[in-house]
Amino acid sequence: MSEERSLNFLEEIIETDLKEGKYKNIHTRFPPEPNGYLHIGHASSIHLNFSLAKKYNGKCNLRFDDTNPSTEETEYVENIKNDIKWLGYSWDNEFFTSDYFETLYGYAQKLIDKGLAYVDDSTAEQIASMKGNLNEPGINSPFRNRSVEENRTLFEAMREGKFGDGEKVLRAKIDMAHPNLLMRDPIIYRIKHEHHHRSGDRWCIYPMYDFAHGQSDSIEHITHSICTLEFIHHRPLYNWFIEQLEIFPSHQYEFARRNLTYTVMSKRKLLQLVNEKHVTGWDDPRMPTISGMRRRGYSAASIRNFCETVGIAKRENIVDLSLLEFCVREDLNKHAIRAMAVLDPVKLVITNYPSDLSEELELENNPEDESAGKRTVLFSKELWIEREDFMENPPKKFFRLGVGLMVRLKGAYIVRCDDFQKDETGKVVSIQCTYIPESRSGSDTSGIHVKGTIHWVSVKHAQCAEVRLYDRLFKTDNPSNEEGDFKEYLNPNSLSVLQQVWIEPELAKAKVGQYFQFLRKGYFCVDIESTPERMIFNRTVTLKDAWAKELKK
RNA sequence: AGUCCGAUGGUGUAAAGGUAGCACAACUGAUUUUGGUUCAGUUAGCCCAGGUUCGAAUCCUGGUCGGACUACCA
């Protein structure tokens, strides 16, 4: 019994188009501009475009929208491709808008020939002032009525580099009184004597977005061109060009971009965080970038599932960070190998345990997955345990250690706390326990039932590691909405570094990118800066913590 | 002010004229050698007003509220 999932509005459109025979196959595309890194919002768009194509047996292109040589770089191209592949998607064709420059130039000439484009000598300021505003119509440029021949000659001269940057532009001749500002004779070509990351110095004129995007869709026979809501005003222009140029009629559809609580998503703001060193780079684990999340320990599957769960629509939204966290816990719970690590250590001594004995204990690697097997963990007289697992004056429901209380040491024995010592500052420095020899895991004949189980690491065998704990980047759930600069709302505690964490020896062999569940503490993965000499783990996300909630009451 | 878009529990998203559902979050409880997982349950929603209809979240009209648009960026 698999209940049919309801369709989102794009699926409805596609199914109608297919049923009515408008298209035999659908074709989508993901069109990033190579001027920055991909973030979780892009993941939504990637997931949408690729999975739509897959679902309806169509194709999806990757097309780099590289019409602005000033901001675009090959380095971004490579990172974007890497991120998409890592997310688990493969494109049918890899294209670049810059490969269409010659075709686009021809389209512009066609517009000129039809009397629908003209070369304007006005300055940027003049053009802006003649544009009018939301309430008032614009006025025609004095160059609007140049002859076709003159426009042709001038446009060719622009291409040949006879003019400097900004001296002239090519504009579409539409309607300076149009209520949609984008239709008031939009600029379609500008002069930029700049080196392009792919076309080199072949061109000194470059098409604007509006004169490149729709045409590129058309060239590739994209049937459903999906973009975010802010491009909705561009659609009339998109259609106008296709109509006047008499080329393949691609259609644009818009959906609302995803926002996440406690973070910012605009490239501009993310770039600012990077440039002003509020984070260590685009791949800082606190960043909502794909590379940051990967480094933090998010699995590709969890991100895909997040995108699927959130769905799409056309209304404004801000998705709860906790949904993302749920998705990553859900995936990692099934796949992460369990291990023990003590983040804030205090020493526990088992007074009745032989000092020269080391026992090998078998622990399951993942209770959710028997095929993950077991591992051996060494047990001895002195152990590191978590400082928060002991209390001098424990409250009623504290199922951990305190004088007289008993707990199970995970995979080992039940111990009873007898005594503890404090230093002159009042800090607990050691805890003494006695263990119940017949309570060993797997062969427990003690008949004793304890409510709490705590994790531990044998002092004698423990290895030291660094652990980086991450928290939300911002203090407020919608920093872009707050008064003043969004950076005032950065969370000063978004990163805390623990220099001396004790880990089981098995963990010291872990490779970069490998992820684990540190028992009772959360999901962690090996950071790219980690070395065999100095292991570094990033906390991806904590485990749900019912006790922490209890304490807040 | 002009044009366009949107409005369903705290959040995200369904219901195409016929029982307002799902997920997250929150809260109870059960299970548990992770206070994890799992399981059972609870709280909580159709922007407003009219109209059409036996019946409206859905269709119509009018409001209200929110958002986008005035780069030689994409």
Side-chain angles (χ1 to χ4, degrees), chain A residues 3 5-8 12 31-33 35 65-68 70-72 120 122-124 127-128 131-138 165-171 178-184 186-192 206 208-210 212-213 227 229-236 254 256 258 261 267-268 309-327 329-330 333-334 338 340 363-364 367-368 397-400 407-412 414 439 441-442 444 449-455 477 517-522 542-550:
Chain A
E3 199 166 310
R5 191 181 65 83
S6 53
L7 304 178
N8 64 46
E12 284 176 12
E33 183 190 10
N35 70 342
D65 218 338
D66 56 350
T67 58
N68 184 0
S70 329
T71 56
E72 295 151 5
D120 195 333
S122 311
T123 64
I127 290 176
K131 189 153 195 181
N133 57 43
L134 296 178
N135 310 305
E136 290 160 25
D165 289 5
E167 258 181 68
K168 288 185 167 34
V169 290
L170 184 70
R171 292 228 259 168
H178 199 107
N180 180 342
L181 294 291
L182 286 163
M183 297 294 272
R184 320 241 262 227
I187 294 167
I188 58 181
Y189 262 93
R190 77 290 215 186
I191 300 169
K192 266 180 189 272
Y206 293 92
M208 299 288 290
Y209 167 86
D210 285 307
H213 200 99
C227 61
L229 242 35
E230 69 266 29
F231 289 99
I232 203 161
H233 306 275
H234 295 247
R235 187 160 23 127
E254 309 84 13
R258 310 317 320 204
T261 53
K267 266 191 205 171
R268 198 195 100 246
T309 305
V310 161
I312 59 148
K314 296 183 77 162
R315 74 179 89 133
E316 292 264 308
N317 61 81
I318 180 158
V319 182
D320 239 305
L321 219 210
S322 60
L323 179 60
L324 219 205
E325 294 183 336
F326 166 81
C327 289
R329 287 189 186 110
E330 184 189 40
N333 177 48
K334 284 182 283 195
R338 270 56 170 176
M340 296 196 284
L363 268 78
E364 56 194 346
E368 308 297 316
K397 285 194 274 187
F398 188 72
F399 306 136
R400 305 180 190 182
V407 291
R408 156 88 52 193
L409 295 169
K410 177 69 184 177
I414 292 173
S439 68
S441 282
D444 186 351
H449 175 74
V450 292
K451 284 211 101 162
T453 300
I454 65 172
H455 62 282
D477 62 356
Q517 184 197 99
F518 288 180
L519 237 50
R520 305 206 299 143
K521 296 272 84 175
T542 61
L543 255 27
K544 285 217 279 184
D545 191 344
W547 175 243
K549 271 185 198 167
E550 185 68 29

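Proteins come first, then strands; the chains are lettered A, B, ... in the order of their sequence lines, and each starts at number 1.
- Residue-level contact check: A:G411 touches the bases, meaning some heavy atom is under 4.0 Å from a base atom.
- For the residue pair A:S70 / A:K192, a side-chain donor-acceptor distance below 3.5 Å is found, with atom types taken as modelled.
- Within the nucleic acid shown, A:S122 comes within 4.0 Å of at least one base atom, counting heavy atoms only.
- Within 4.0 Å (heavy atoms only), A:V319 reaches sugar-phosphate atoms of the nucleic acid but no base atom.
- Taking atom P in both B:U37 and B:U28, the straight-line distance is 15 Å, to the nearest Å.
- Remark on RNA chain B: of its neighbouring residues A:E316 and A:H213, the 5'-side contact belongs to A:E316, judged by nearest-heavy-atom nucleotide.
- When only modelled atom types and interatomic distance are considered, A:R184 and A:H178 share no side-chain donor-acceptor pair under 3.5 Å.
- Shown here are the salt bridge (charged side-chain N to carboxylate O under 4.0 Å, His left out) partners of A:D444, two or more places apart in sequence or in another chain: A:R408.
- Counting any heavy atom pair closer than 4.0 Å across all strands shown, A:D65 reaches sugar-phosphate atoms only and no base atom.
- Between B:A44 and B:G10, the distance separating the two P atoms is 11 Å to the nearest Å.
- For B:G45 and B:U52, the P atoms lie 29 Å apart once the distance is rounded to whole Å.
- Formation of a donor-acceptor pair under 3.5 Å by the A:D545 side chain with backbone atoms of A:A548 is found in this model.
- Smallest separation of non-hydrogen atoms from A:H233 and A:L182: O-CD1, 3.3 Å.
- The distance between the ring centers of A:F231 and A:H213 does not fall below 6.0 angstrom.
- A:F231 comes within 4.0 angstrom of a nucleotide base, judged by non-hydrogen atoms across all strands.
- Taking atom P on both nucleotides, B:A40 is separated from B:A25 by 16 Å, rounded to a whole Å.
- Comparing B:A20 with B:G62, their C1' atoms sit 26 Å apart, to the nearest whole Å.
- Counting non-hydrogen atoms under 4.0 angstrom, A:F326 reaches the backbone sugars and phosphates but no base.
- Across A:N135 and A:N133, no two heavy atoms sit closer than the pair N-OD1, 2.8 Å.
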* Walk me through it: do A:T67 and A:M208 pass the test side chain to side chain contact (heavy atoms under 4.5 Å, CB included)? => CA-CA 7 Å; A:T67 58; A:M208 299 288 290; over 6 Å; no
* If you write RNA chain B from 5' to 3' in dot-bracket form, with Watson-Crick or G-U pairs under 3.5 Å, [ ] for crossing pairs and | for pairs with another strand, what do you get? -> .((((((..((((....[..)))).(((((.......)))))....(((((..]....))))))))))).....
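- Residue-level contact check: A:I318 touches the backbone only, with heavy atoms under 4.0 Å from sugar-phosphate atoms and none from bases.
- Among the heavy atoms of the strands, none lies under 4.0 Å from A:R184.
- Along RNA chain B, the nucleotide closest to A:E33 and the one closest to A:G311 are compared, and the more 5′ of them pairs with A:G311.
- Base contact: A:P367 has a heavy atom under 4.0 Å from a base atom.
- No contact: A:H178 has no heavy atom under 4.0 Å from any strand.
- No engagement by A:L229 is indicated, since no non-hydrogen atom pair under 4.0 Å with the nucleic acid exists.
- In this structure, A:K192 reaches the sugar-phosphate backbone alone: every heavy-atom distance under 4.0 Å involves primed, P, OP1 or OP2 atoms, never a base.
- A 4.5 Å side-chain heavy-atom check between A:P186 and A:R171 finds every atom pair outside the cut-off.
- A gap of 22 Å separates the C1' atoms of B:A14 and B:G66, to the nearest Å.
- Using a 4.0 Å heavy-atom cutoff across all strands shown, A:I312 reaches sugar-phosphate atoms only and no base atom.
- Taking atom P in both B:A15 and B:U58, one finds a spacing of 14 Å when rounded to whole Å.
- Counting non-hydrogen atoms under 4.0 angstrom, A:R329 reaches nothing in the nucleic acid.
- With respect to A:H455, the side-chain hydrogen bond (donor to acceptor under 3.5 Å, both in side chains) criterion is satisfied by exactly one of A:R520, A:K521, A:K410: A:R520.
- Nearest heavy atoms, A:S122 versus A:I127: CB-CG1, 3.7 Å.
- Across B:C27 and B:U8, the matching C1' atoms stand 23 Å from one another, rounded to whole Å.
- In summary, contact between chain A and RNA chain B, defined as any nucleotide atom under 4.0 Å from a heavy atom of the protein, begins and ends at B:A1 to B:A74 in the 5' to 3' direction.
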